[in-house]
Amino acid sequence: MRNLYLLLGLMFFTACGPSQSEFNALKSENEALKVELDVCKNEIENYKNTPDKLYAEASDYIKVKDIEGLQNICNKFQKYHPASVEYTKVKTALNKLEAEKEAKEKAEKEKRMKAVKKLRKQYDDISGITWYYNPYYTHYNNSNHASIYMATKENGQPWLRLRMSYYGDGWIFFDRAFLSYDGNTQEIYFDEYRDKKSDNYTECWEWIDVSVDEYILSFLKNMVNGKSVKMRLTGKYTKTHTLSSTEIKAIKDVLLGYDVLMDGE
């Protein structure tokens, strides 16, 4: 009995629905409406993207040298008015901006490469390491200086090292080291047995040579723009040294060379 009720209900629902011919007619009408809608959309788009309107919009992009925005306008011209005089003008302006950008990028790259070429370079054919030093002075261990230098291996990323040294009439026996600028201080941690060396002739020499990690690197990049840059080595006694403009420039130039090599030249 239950199956009979289901069958009767299905027959009633089918009888109440549209016929196949009516369904086909509705489908055709719907497709025709879609075509008309697409035509209307194209007409609206053409109205919104007339050559004069597109050119006016392009002029704003040209003034601010917005290459991406101008490229979008060119795409619209290509779609709606490829043969228009306005399109030719906009395309010419785009080509000019792209050429200017390329020339500027080339000049900046050449300028950045000069930062590497100006550094003193030494190649160790046994280790395969190329060492880069600042071009202004040689950091001898018997001097009061702070400096950085850089190294690379073929097809490898560069790395930096920091050297801080003291010399004087007597030992200071330093076991802590600091760099500072304008009231900002960074302690330079080191292994007293591995990183620190000492020697003496007529004077006493003490120095450290340590790897530059991301924290020291970040500090150095800010430090070179400071007004008062200092190094302090302290232990039994303390020696504070104010870095000269040459020392600061030397650090800045090695940092720039490092950035260039990190970016793949």
Side-chain angles (χ1 to χ4, degrees), residues 111-122 130-152 158-262:
K111 181 180 179 180
R112 286 171 61 83
M113 281 309 302
K114 286 181 181 179
V116 177
K117 292 177 181 178
K118 75 187 293 186
L119 300 178
R120 290 186 294 112
K121 186 165 64 173
Q122 294 179 3
T130 300
W131 299 95
Y132 297 84
Y133 303 92
N134 80 78
Y136 307 110
Y137 65 90
T138 299
H139 187 164
Y140 295 108
N141 296 326
N142 60 333
S143 64
N144 291 303
H145 280 133
S147 70
I148 61 172
Y149 60 102
M150 176 174 61
T152 62
W159 67 93
L160 291 168
R161 295 192 66 82
L162 167 67
R163 179 178 293 173
M164 303 169 70
S165 61
Y166 155 82
Y167 91 105
D169 294 335
W171 302 101
I172 59 174
F173 302 105
F174 76 85
D175 52 19
R176 299 183 72 185
F178 302 88
L179 288 173
S180 73
Y181 71 95
D182 306 339
N184 301 285
T185 301
Q186 172 69 51
E187 182 166 4
I188 307 302
Y189 298 100
F190 62 92
D191 185 311
E192 194 170 352
Y193 300 99
R194 183 185 61 193
D195 301 321
K196 185 183 177 186
K197 302 290 188 295
S198 61
D199 208 338
N200 74 300
Y201 290 93
T202 56
E203 304 96 1
C204 300
W205 307 354
E206 299 179 56
W207 71 93
I208 57 172
D209 193 320
V210 298
S211 177
V212 173
D213 61 24
E214 59 181 314
Y215 301 105
I216 298 176
L217 177 60
S218 177
F219 185 85
L220 290 173
K221 288 182 176 180
N222 291 319
M223 186 189 79
V224 292
N225 296 312
K227 294 180 180 179
S228 177
V229 181
K230 298 179 181 180
M231 169 189 76
R232 174 168 292 176
L233 303 173
T234 184
K236 184 175 182 180
Y237 304 100
T238 295
K239 171 68 176 182
T240 301
H241 165 68
T242 298
L243 274 65
S244 67
S245 58
T246 300
E247 285 178 275
I248 296 171
K249 182 171 176 56
I251 294 173
K252 185 179 294 186
D253 284 351
V254 176
L255 288 175
L256 179 55
Y258 173 79
D259 284 342
V260 173
L261 294 183
M262 279 294 290

Item to check | side chain to side chain contact (heavy atoms under 4.5 Å, CB included) between Tyr132 and Val116, intermediate numbers included | outcome: CA-CA 8 Å; Tyr132 297 84; Val116 177; 4.0 Å; yes
Can you tell me how far [atom2] of [Y] sits from [atom1] of [X], rounded to the nearest 0.5 angstrom?
X	Y	atom1	atom2	value
Ile216	Lys221	CD1	NZ	13.5 Å
Lys121	Thr152	NZ	OG1	8.0 Å
Phe178	Thr234	CZ	OG1	7.0 Å
Ile248	Thr242	CD1	OG1	9.0 Å
Lys252	Met223	NZ	CE	10.5 Å

Next on the checklist: Under a 3.5 Å threshold, yes or no: a donor from one side chain and an acceptor from the other, between Tyr258 and Asp253?
Outcome noted: no
[Y] side chain reached by [X] side chain, heavy atoms, under 4.5 Å:
X	Y	value
Leu243	Lys230	no
Val229	Ile251	no
Asp209	Leu162	no
Ile208	Arg163	no
Asn144	Ser165	no
Leu220	Ile148	yes
Met262	Pro158	yes
Ile188	Met231	no

Next on the checklist: Check for me whether the distance between the ring centres of Tyr166 and His241 falls short of 6.0 Å.
Outcome noted: no
Checklist entry - Are the aromatic ring centres of Tyr237 and Phe174 under 6.0 angstrom apart? => result no
Next on the checklist: side chain to side chain contact (heavy atoms under 4.5 Å, CB included) for Met150 and Leu261? Distances and angles first, verdict last.
Outcome noted: CA-CA 10 Å; Met150 176 174 61; Leu261 294 183; 3.6 Å; yes
Heavy-atom pair with the smallest gap, counting every atom of [X] and [Y]:
X	Y	result
Val212	Leu217	CG1-N, 3.7 Å
Phe219	Ser180	CZ-CA, 4.0 Å
Leu179	Ala146	CD2-CB, 4.3 Å
Val210	Tyr189	CG1-O, 4.2 Å

Checklist entry - Step by step, would you call Thr240 with Arg232 a side-chain hydrogen bond (donor to acceptor under 3.5 Å, both in side chains)? => result CA-CA 4 Å; Thr240 301; Arg232 174 168 292 176; 2.7 Å; yes
Checklist entry - After noting the C-alpha distance and the side-chain angles of Ile172 and Leu233, does the key distance pass the side chain to side chain contact (heavy atoms under 4.5 Å, CB included) rule? => result CA-CA 8 Å; Ile172 59 174; Leu233 303 173; 3.9 Å; yes
Next on the checklist: Does the plane of the ring in Trp131 sit parallel, tilted or perpendicular to the ring in Trp159? Use 30° and 60° as the thresholds.
Outcome noted: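 Trp131 vs Trp159 ring planes: perpendicular.
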Is the backbone N or O of [Y] less than 3.5 Å from a side-chain atom of [X], with the two atoms forming a donor-acceptor pair by type?
X	Y	result
Asn184	Tyr181	yes
Ser218	Tyr215	no
Arg120	Asn134	yes

If you draw a 6.0 Å radius around [atom1] in [X], do more than 12 non-hydrogen atoms from other residues or ligands fall strictly inside?
X	atom1	answer
Tyr167	OH	no
Tyr137	OH	yes
Asp191	CG	yes

Item to check | Worked check of side chain to side chain contact (heavy atoms under 4.5 Å, CB included) between Lys236 and Asp175 | outcome: CA-CA 8 Å; Lys236 184 175 182 180; Asp175 52 19; over 6 Å; no
Next on the checklist: Tell me every residue that passes side chain to side chain donor-acceptor pair (under 3.5 Å) with Ser211, counting only those two or more places apart in sequence or in another chain.
Outcome noted: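 Ser211: no side chain to side chain donor-acceptor pair (under 3.5 Å) contacts found.
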Checklist entry - Residues in side chain to side chain donor-acceptor pair (under 3.5 Å) with Ser147, at least two apart? => result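 Side chain to side chain donor-acceptor pair (under 3.5 Å) check on Ser147 returns His139.
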Item to check | Sequence neighbours excluded - side chain to side chain donor-acceptor pair (under 3.5 Å) pairs with any residue from residues 196-207 | outcome: Lys196-Glu206
